[in-house]
Amino acid sequence: MSNYHIKHLEEYFQVYRKSVRNPEAFWEEIAEEHFLWRKKWNKVLSWDFSKPEVKWFEGAQLNITENCIDRHLTTRGEKTAIIFEPNNPEEEAQHISYYQLHDRVCRMANVLKEKGVKKGDRVCVYLPMIPELAITILACARIGAIHSVVFAGFSSNALATRINDSDCKIIVTSDGSFRGNKSIDLKGIVDKALEECPGIENVLVVNRTNSPIEMKADRDVWLQPLLDAAYGDCVPEIMDAEDPLFILYTSGSTGRPKGMVHTTAGYMVYTAYTFKNVFQYRENDVYWCTADIGWITGHSYIVYGPLANGATTVMFEGVPSYPDFGRFWDVIEKHKVSQFYTAPTAIRALAKQNLEYVENRDLSSLKVLGSVGEPINEEAWHWYNNNVGKKKSPIVDTWWQTETGGIMITPIPYVTPTTPTYATLPFIGIQPALMNEEGNEIKGNQVEGRLCIKFPWPSIARTIWGDHDRYRDTYFTAYKNNYFTGDGALRDAVGYYRITGRVDDVIIVSGHNLGTAPIEDAINEHPAVAESAIVGFPHDVKGNALYGYVILKETGETRDRDNLRNEINQQITEHIGPIAKLDKIQFVSGLPKTRSGKIMRRILRKIASKDVSNLGDTSTLLNPEVVDEIIKDAL
Ligand code: 6R9
């Protein structure tokens, strides 16, 4: 068990040094000791960031579900793998043991096979946070199919784009989903999306809400009867280390979403090892991550990381405000949660509520608190620390990305002293670098720059599905021989990192990454709109909210401005989903542009955040006069 569980700061530094001096020896030892392989690797790592190409554990064979399920059956068969906490607290929670998980995953795997799904095929999964979601992705992994989960809050347009981008032939969905006191017609969204997706041959439907839906003959079928009839064992497909495990889409600076491809062995090793250390997980702890499996956090730290460690992981279907703002604390008390991992936006929303919601619950089971998705501000950090952790549970502020697969910069609880707003130190094996605008590394402490990673780690995404050039251009071109994260960061006097935010055209709203381009494209489709630009501005719950500047066509448009605003937001909801709606929409006659025609977002950002004292030099703009007009009418 050497090096697997880090227990004090000196050990962290020791293991860290070892991991960067000889990464191959380090990761080989972790891989040897803690996982089940059908065949060992010939080479631990080969890489070249200029191509870019990264391969870990080449030549090895395995199936990740044997590591996440089968190997626990002898020692932990009766242990609860997944606790399902339904949206409605009156509905009973489900405890799914490792035995039961094995049975359910195998049945689902057999159903997929019967529907013709083979190794390497892409399976789209559009499900709410119900056990079938975890079971379906594990079933894909069982048979070597590549899952592509689409967050069930995305619109039919966004779903269709993702289905077509990766050529999925089958989709698993449900009749509807429960969110607080609402129920959402998921199947209706799927039906609409599929009008644009000729490649989909089969739709498997989970019955969750019992709402009336249409079932298209020869295409749609209810899942449960198939599961009941299926055999409860399924021989795992033996996969190569670098076979793709899944595709997960993330927003970029340009219109099309990027289908990040993660492969099998490295992803497994890194998510399992980080899970164990970042949450200091011990046998019999109950771990709860509130993310949705539609995001990377759910993939790595609800499903794969915890299950690879034989942990008990909670899946929560609901929302923090239903039936009231005490729900999170109820769930912690009810299931005696030891590690709780959530997002700053949720913390800020809960911190606004009456303190009684937290104070009246028994939260004494908690040992570790986590934060992820965006920078956590000082106020939220202290509220979390004082009221949830009672100053006894360390907060791990974990920085990472869809592209990195696992946690990259983070404290290790009870090991790394924490400082509010600092993600602190690189995790074992991670070699960050800060770069200046000229593309050179800034050495030493008390410096600020663009955050890059110098050396590959096992769970780095290997490509963008179908577009390796875009992968190279987005991540490996700005800083030679480095992976560029898109974030800015500073390193303080003791070497702690603080993430300062995105330096590209991605805005993080309530922890969701949103690219400006797809939202602007959606707005511009409105018949009255000529052009638009959106920027983020500070929001006390969402972190950032969206501010849109919209130029209308000169058609003598006389419609009520508020109606137009609603229509524009409706347009965004249809194209992307309600998460991308604008909080403020200002109609303008022009947008500040450089002489080369690039919108000066820096100026628009300042106006949106009501900070117009220092706009910098605007005289070089193509149309400086428009700036005064925008300031005068700002919302
Ligand atoms: C895991 C996840 C990635 C972007 C990332 C950064 C921001 C995530 C953060 C954080 C500051 C943290 N981010 N964690 N910023 N502190 N602890 O969120 O992946 O959805 O791909 O977002 O989120 O800007 O680049 P993803």
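In listed order, ligands and their atoms are each counted from 1. Quick note: numbers below take in every heavy atom, side chains included, and nothing from hydrogens, waters or symmetry partners.
Distances between N or O atoms of S371 and those of ligand 1 include no value under 3.5 Å. The N/O atoms of T485, backbone and side chain alike, include none that comes under 3.5 Å of an N/O atom in ligand 1. Any N or O atom pair closer than 3.5 Å counts here, and T297 shares no such pair with ligand 1. Checking only distances, I296 never comes within under 3.5 Å of ligand 1, N or O to N or O.
Counting atoms of ligand 1 from 1 in the listed order, those under 4.0 Å from a heavy atom of D397 are 12 (C), 16 (N), 17 (N). Atoms of ligand 1 lying under 4.0 Å from at least one heavy atom of T398, given by number and element, are 9 (C), 12 (C), 14 (N), 17 (N). For ligand 1, the atoms lying closer than 4.0 Å to a non-hydrogen atom of T402 are 19 (O), 20 (O), 21 (O), 26 (P). Those atoms of ligand 1 that come under 4.0 Å of a heavy atom in V372, given as number and element, are 1 (C).
In summary, the side chains of Q339 and D285 do present a donor paired with an acceptor at a separation below 3.5 Å, with no hydrogens or angles considered. Counted by atom type alone, E242 and T263 present one or more donor-acceptor pairs between their side chains at under 3.5 Å. In this structure, a donor-acceptor pair under 3.5 Å is absent between the side chains of Y249 and T161.
Checked against a 6.0 Å centroid threshold, the rings of F328 and F340 count as neighbours. Ring centroid separation for the pair H299 and F246 comes in under the 6.0 Å cut-off. Ring-centre distance between Y281 and Y287: not below the 6.0 Å cut-off.
In this structure, W399 has a heavy atom closer than 4.0 Å to ligand 1. Residue-ligand proximity: G373 is placed with a non-hydrogen atom under 4.0 Å from ligand 1.
We find that E441 and K454 are joined by a salt bridge, their nearest charged nitrogen and carboxylate oxygen being less than 4.0 Å apart.
Of the candidates N164, L186, T173, V190, L159 forms a side chain to side chain contact (heavy atoms under 4.5 Å, CB included) with just one, namely V190. Each of L307, I83, I82 was evaluated against T312; a single residue qualifies, I83, per the side chain to side chain contact (heavy atoms under 4.5 Å, CB included) test. Shown are F484, Y483, F49; of these, the ring pair (Phe, Tyr, Trp, His ring centres under 6.0 Å) with Y475 is made only by Y483. Of the listed residues (W457, Y270, Y12, Y16), just one forms a side chain to side chain contact (heavy atoms under 4.5 Å, CB included) with F427, and that residue is Y270.
Distance from atom 2 (C) of ligand 1 to its nearest protein heavy atom, with residue and atom name: W400 O, 3.7 Å. Of the protein's non-hydrogen atoms, N513 ND2, 3.1 Å is the one closest to atom 22 (O) of ligand 1. Given atom 11 (C) of ligand 1, the protein heavy atom at minimum distance is P375 N, 3.1 Å. When hydrogens are left out, the protein atom nearest atom 9 (C) of ligand 1 is E374 N, 3.5 Å; that is the closest non-hydrogen contact. Atom 4 (C) of ligand 1 has its closest protein heavy atom at I508 CD1, 3.7 Å.
With a 4.0 Å heavy-atom cut-off, ligand 1 is reached by the side chain of R502 but not by its N, CA, C or O.
Taking all heavy atoms of I376, D487, V506, D504 into account, the minimum distance to atom 25 (O) of ligand 1 is reached by D487.
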